[in-house]
Colleague: 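The structure follows.
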Amino acid sequence: MTGSSGFIGRALVARLRKDSFQVTELSSSSGDIAEPATLRQFVDQTYDHVFHLAGRTYVPDSWNDPLGFQRVNVLGTANVLEYCRIHGVQLTFISAYLYGVPERLPVSEACATRPNNPYALSKHLAEQICAFYAGYYGLAVTVVRPFNIFGPGQKPHFLIPQIVNQVRARQVIRIKDLSPRRDYIYIDDVVDALIKTLDAPKGYNVFNIGSGSSLSVRELIAAIQSVAGTELPVVSEGEIRPNEIDDVYADIEKARSILNWVPGITFKQGIEKMVFEESCL
């Protein structure tokens, strides 16, 4: 598994080991994923499946370093695909939301991809390489497009940890914009979906992974305060981000019908785990 030390990677490693799978971890401390030499250390080992999670993910950073995101996310994915091609290993690739301003709701995998930031562009290009290797080399590749993941251990600059930490500190909740609506999916449900890709059909498959509904930032804050039992004041700067998307939520019927996957944790249950059971790192 690449990206084993990341937010999703840590949760997936724990789940795989709990389910008695043998896991080999590759993290940033193992080397640069964009360099072929990094994967050569594994040439004498035999694997049934590779989960490719390594990559740069924070969208604001991608605007300042688009080339760095392309290098890690595109070239790194090509490097992993080449390893899988040579060794005949099937692959699950963690992609991202790629639909930009959606043409319709809910968003299905058949909707046009419209990357609207350098991070999404890097994942879009990586998906194209995945499709090429599947189509021309016969590699079994499953692409997962998660919507907005949240859960314990997520970095504090992401929206939900920001709000949870402000609530815990009993601070005024300060936010840039209360209006945007997103589809929030709990980390354990994402891990469940990834596990199910082990039995995905051969060939090239793409799956949306989300809750199938959306919440506004205003509703997020209200839900978090309800769980925490607080009534803290909320201050919005009214700052609308460039290329903002007003509302988005996933059509998850394909994952339901082919992977036999459905989300099992409600937003409230996920927030309870963050507020009461774990700390936001």
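All heavy atoms count here, side chains included; hydrogens, waters and symmetry mates do not. Along the sequence shown, residues are numbered consecutively beginning with 1. Source: prediction; values computed, not measured.
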Colleague: Run the ring-ring contact (aromatic ring centres under 6.0 Å, His included) test on H49 and F51 for me, step by step, so that the C-alpha distance in whole Å, both residues' side-chain angles and the decisive distance to 0.1 Å come before the verdict.
Modeller: CA-CA 7 Å; H49 197 96; F51 289 98; 4.8 Å; yes
Colleague: Counting distance only, does the side-chain N/O of E25 pair as donor-acceptor with the main-chain N or O of S5 below 3.5 Å?
Modeller: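 The answer is no, because no donor-acceptor pair under 3.5 Å joins these two groups.
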Colleague: Looking only at heavy atoms, what is the nearest atom pair of G151 and M274, with distance?
Modeller: O-CE, 3.6 Å
Colleague: Can you see which heavy atom on R15 is nearest to which on D19, and at what distance?
Modeller: NE-OD2, 2.7 Å
Colleague: Indicate the atoms forming the closest heavy-atom contact of Q70 with P118, along with that distance.
Modeller: NE2-O, 3.4 Å
Colleague: List the atom pairs, donor and acceptor, that lie under 3.5 Å between side-chain atoms in residues 170-177 and the rest of the protein, sequence neighbours left out.
Modeller:
from: R170; atom 1: NH1; to: V167; atom 2: O; distance (Å): 3.0
from: D177; atom 1: OD1; to: S179; atom 2: N; distance (Å): 3.1

Colleague: Donor-acceptor pair, S226 side chain versus A222 backbone, under 3.5 Å?
Modeller: no
Colleague: Hey, is the main chain of L194 close enough, under 3.5 Å, to the side chain of W261 for a donor-acceptor pair?
Modeller: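 The answer is no, because no donor-acceptor pair under 3.5 Å joins these two groups.
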Colleague: Any sub-3.5 Å donor-acceptor pair from R114's side-chain atoms to V101's backbone N or O?
Modeller: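 At least one qualifying donor-acceptor pair exists.
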Colleague: Ignoring hydrogens and angles, tell me if any N or O in the side chain of T2 forms a donor-acceptor pair with the backbone of A54 under 3.5 Å.
Modeller: yes
Colleague: Quick test of your reading of the model: are D65 and R56 salt-bridged, counting only N-O distances below 4.0 Å?
Modeller: yes
Colleague: Examine distances only and state if a side-chain atom of N205 and a backbone atom of P201 form a donor-acceptor pair shorter than 3.5 Å.
Modeller: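 Indeed, once roles are kept as given, a pair shorter than 3.5 Å links the two residues.
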Colleague: Is there a donor-acceptor pair closer than 3.5 Å between any side-chain N or O of D183 and the backbone N or O of A250?
Modeller: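 Between the backbone of A250 and the side chain of D183 there is a qualifying donor-acceptor contact (under 3.5 Å).
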Colleague: Counting distance only, does the side-chain N/O of N165 pair as donor-acceptor with the main-chain N or O of P161 below 3.5 Å?
Modeller: yes
Colleague: Which heavy atom in A11 sits nearest to a heavy atom in V191, and how many Å separate them?
Modeller: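 Closest approach of A11 to V191: CB-CG2, 3.8 Å.
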Colleague: What's the separation between atom CD in Q22 and atom CZ in R17, rounded to the nearest 0.5 Å?
Modeller: 10.0 Å
Colleague: Got a donor-acceptor contact below 3.5 angstrom from the D189 side chain to the G264 backbone?
Modeller: yes
Colleague: Given the rule in the side chain to side chain donor-acceptor pair (under 3.5 Å) test, do D247 and S214 qualify, once you have shown the distances and angles that lead to the verdict?
Modeller: CA-CA 7 Å; D247 191 8; S214 65; 2.9 Å; yes
Colleague: Can F267 and F150 be said to form a ring-ring contact (aromatic ring centres under 6.0 Å, His included), step by step?
Modeller: CA-CA 9 Å; F267 182 77; F150 74 102; 5.1 Å; yes
Colleague: Please tell me whether I271 and I185 are part of a single hydrophobic cluster in this structure, the criterion being side-chain heavy atoms less than 4.5 Å apart.
Modeller: yes
Colleague: Testing the basics here: between I33 and T38, what is the closest heavy-atom pair and its distance to 0.1 Å?
Modeller: N-OG1, 4.3 Å
Colleague: As a test of understanding, state which of Y119, Y249, Y184, F147 forms a ring pair (Phe, Tyr, Trp, His ring centres under 6.0 Å) with Y97.
Modeller: F147
Colleague: Under the 3.5 angstrom rule, does the side chain of Q154 hit a backbone N or O of I149 as a donor-acceptor pair?
Modeller: yes
Colleague: I'd like to know whether the aromatic ring centres of H157 and Y58 sit less than 6.0 Å apart in this structure.
Modeller: yes
